[in-house]
Amino acid sequence: MTLIESTPAHAGASWQRDSALIAGVWQRCAQTSPVFDPATLAQVGTSGSATAADVDAAVAGARAALPGWSQTAPAERADLLDALVEQLRERRDELVDAIVAEVGAPIAVAREVHVDLAITIMADFAELARTFTWRTQLGNSTLLRRAAGVVGAITPWNYPLYQLVAKAGAALAAGCPIVVKPAELTPLSTYLFADATVAAGLPAGVFSLVPGPGRVIGSALTEHPGVDVISFTGSTGVGKTIATVAAQNIKRACLELGGKSASVVLDDADLAEAIPASVAAGLLNSGQTCSAWSRLLVPRARYEDALTLAADAVAALKLGDPRDEDTDLGPVVSADQKNSIVTMIDEAVARGARVVCGGSQTPEGLETGHYVAPTILADLPADDPAVLEEIFGPVIVVLPHDGDDDAVALANHSEYGLAGAVWSGDTDRAIAVASRLDTGQVDVNGGEFNPRAPFGGWKSSGLGRELGPVGLEEFTEITSIQL
Ligand code: NAD
């Protein structure tokens with residue numbers, strides 16, 4: 001392994017892994033795969049690479065754990081989840097370093113968004129296990145919410161810890177053992193989470209980790225008859241495959257897929273507030289956020305002002321070393337991801353896009369990592385692929401609108417519907433517009449992220465919801481008892 005100067009002290013033995021956690025035991029995999037730092041390109045760790053037989057063993061371990069875990073009193077599960085939260089808190093700095101090293105996220109973003117938010121969500125699920133309504137009365141029926149069985153979870157590389165906790169927190173609180181396959185690019189934080197589950201004393205088989213390629217391990221998990229619910233976050237293409245396979249076995253598939261969310265600025269909004277906030281949200285995590293506001297819809301009469309403000313907001317962001325506390329934007333995750341983003345920028349430019357700032361050239365002085373300049377594109381028609389397709393990089397497309405109805409029509413002109421925003425000087429007007437957007441979440445005038453609010457998508461953005469009580473319900477089945 002090449003250890004470079006800026007590699008954090010934590011990059012020791014705990015990042016050199018060769019195993020899968022199966023039925024509570026770390027079992028060595030036949031193969032390993034390297035983990036690279038997107039900023040330095042150095043190898044920072046190693047992951048085990050499991051086989052389909054390992055998936056069989058992990059699912060068998062989870063099934064063996066199911067009766068005990070699902071029958072454990074919710075308050076007792078909550079106590080164990082509290083212990084897990086404590087273990088995660090103890091590992092906070094190492095988790096932050098691992099996220100910086102594997103995702104390339106700036107350290108301040110890694111700390112606040114990737115790690116602290118994930119720990120908050122885990123603590124929230126511990127609390128929910130205590131307070132969730134497991135039993136309700138409906139006339140002469142008693143409705144029981146029961147653990148839905150063994151969960152298979154497949155996570156992406158953009159927020160590896162947050163996505164893991166959104167699934168594992170809900171499943172474990174609901175009484176479901178979970179078998180997790182992390183993205184190949186970013187397994188380190190999942191290994192650290194697995195260490196925390198062992199240290200917290202979760203019973204064997206309740207949390208299992210089988211790292212490895214999506215086509216092998218992800219498919220084996222999806223197809224496995226011993227998996228009752230498959231929970232996936234990633235691309236819409238793979239999501240469709242998973243939904244198709246799950247349908248063969250009438251298996252529930254919870255899918256968090258792509259997005260092309262719109263930030264809608266109405267004509268009475270304060271542009272000086274709305275535009276920089278929209279740009280910051282659109283570029284968070286180098287734009288590799290499924291709920292990123294990658295479309296910015298502005299009043300036609302204020303189009304040029306909005307473009308100037310957007311360019312100013314981008315100019316104020318610092319792109320560079322993710323280990324620098326002042327950095328706002330790091331690299332994107334991989335060479336493939338960079339190629340895909342710059343190709344989409346070039347193609348948009350060839351179709352007539354105006355590059356307001358940024359562009360496909362590698363930013364000067366940042367030739368080593370997978371850096372992409374934060375880019376604002378304008379003057380594209382509403383049906384342009386750059387307007388319709390997810391770019392999943394630091395690229396925002398600005399479109400003019402002709403009033404509230406036109407803005408709603410433009411915002412809804414998308415195969416996706418995951419998130420969005422509305423900005424207006426009149427809150428009631430903003431809420432009226434927000435209520436017409438066919439999307440899972442809308443933030444009005446910079447409304448804060450609520451980790452208990454259901455998160456998920458309409459249309460091709462997915463099926464089901466994560467987080468909070470609605471997210472927990474995804475991992476339950478109902479039995480209705482009549483007297
Ligand atoms: P992906 O969908 O290929 O991978 C996501 C996860 O699915 C990974 O763990 C992967 O190993 C696994 N996987 C891959 N093929 C599988 C299969 N056939 N069966 C089961 N599991 C499989 O996404 P990616 O390659 O990591 O990224 C590609 C694009 O996906 C991105 O450019 C972006 O548009 C989108 N994406 C979206 C999100 C999101 O949060 N919505 C997250 C990451 C990526």
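Just so you know, ligand 1 is whichever comes first in the structure, and atom 1 is the first atom listed for that ligand.
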N/O donor-acceptor pair under 3.5 Å between Tyr416 side chain and Gly462 backbone: no

Cys290 neighbourhood, listing ligand 1 atoms whose heavy-atom distance to it stays under 4.0 Å: 39 (C), 40 (O), 41 (N)

Which of the numbered atoms in ligand 1 are below 4.0 angstrom from a heavy atom of Thr233? 5 (C), 39 (C), 40 (O)

Min heavy-atom dist Asn158 to ligand 1 below 4.0 Å: yes

Regarding Asp116 and Arg111, does a basic nitrogen lie under 4.0 Å from an acidic carboxylate oxygen? no

Phe392 and Trp157: aromatic ring centres closer than 6.0 Å? yes

Compute the ring centroids of Phe207 and Trp69, then answer whether they are less than 6.0 Å apart. no

Check whether any N or O atom of Thr222, backbone or side chain, sits under 3.5 Å from an N or O atom of ligand 1, and answer yes or no. no

I'd like to know if Glu477 pairs up with Arg252 as an ion pair, taking the criterion as any Lys NZ or Arg NE/NH1/NH2 lying under 4.0 Å from an Asp or Glu carboxylate oxygen. yes

Numbered atoms and elements of ligand 1 in range of Ile154, under 4.0 angstrom, heavy atoms: 6 (C), 7 (O), 9 (O), 12 (C), 20 (C), 21 (N)

Identity and distance of the protein heavy atom lying nearest atom 18 (N) of ligand 1: Ser219 OG, 3.8 Å

Number the atoms of ligand 1 from 1 as they appear, then name those within less than 4.0 Å of a heavy atom of Gln337, with their elements. 32 (O)

Look at atom 10 (C) of ligand 1 and say which protein heavy atom is nearest, naming residue and atom and giving the distance to 0.1 Å. Glu184 OE1, 3.7 Å

Best match, Gly457, Ala292, Gly393, Ser235: closest heavy atom to atom 1 (P) of ligand 1: Ser235

Asp97 and Arg323 ion-paired at < 4.0 Å: no

Heavy-atom proximity to atom 26 (O) of ligand 1 ranks first, among Trp157, Phe232, Tyr416, Phe392, for Trp157

How about Tyr159 and His114: are their ring centroids closer than 6.0 Å? yes

For Leu257, counting its heavy atoms only, list the atoms of ligand 1 lying under 4.0 Å from any of them. 39 (C), 41 (N)

Give the numbers and elements of all ligand 1 atoms closer than 4.0 Å to a heavy atom of Thr155. 6 (C), 8 (C), 9 (O)

So for ligand 1, is Glu390 a polar contact partner (N or O within less than 3.5 Å, distance only)? yes

Does the protein put a heavy atom less than 4.0 Å from atom 4 (O) of ligand 1? no

Any atom of ligand 1 sitting under 4.0 Å from a heavy atom of Tyr159? no

Among Ala220, Gly152, Gly214, which one has a heavy atom closest to atom 19 (N) of ligand 1? Gly214

Pairing of Asp18 and Arg28 as salt bridge, 4.0 angstrom limit: yes

Under 3.5 Å, is there a donor-acceptor pair linking the side chains of Ser47 and Glu184? no

Residue Pro156 vicinity, atoms of ligand 1 by number, heavy atom under 4.0 Å: 42 (C), 43 (C)

Answer yes when Arg17 and Asp195 have at least one side-chain N-carboxylate O distance shorter than 4.0 Å, and no when they do not. yes

Between Lys167 and Glu466, is the closest basic N to carboxylate O distance under 4.0 Å? yes

Check Asp346 with Arg351, please: is the shortest side-chain N to carboxylate O separation under 4.0 Å? no

Using distance alone, decide if ligand 1 has a nitrogen or oxygen within less than 3.5 Å of any nitrogen or oxygen in Pro213. no

With heavy atoms and a 4.0 Å threshold, my read on which part of Leu185 contacts ligand 1 is neither

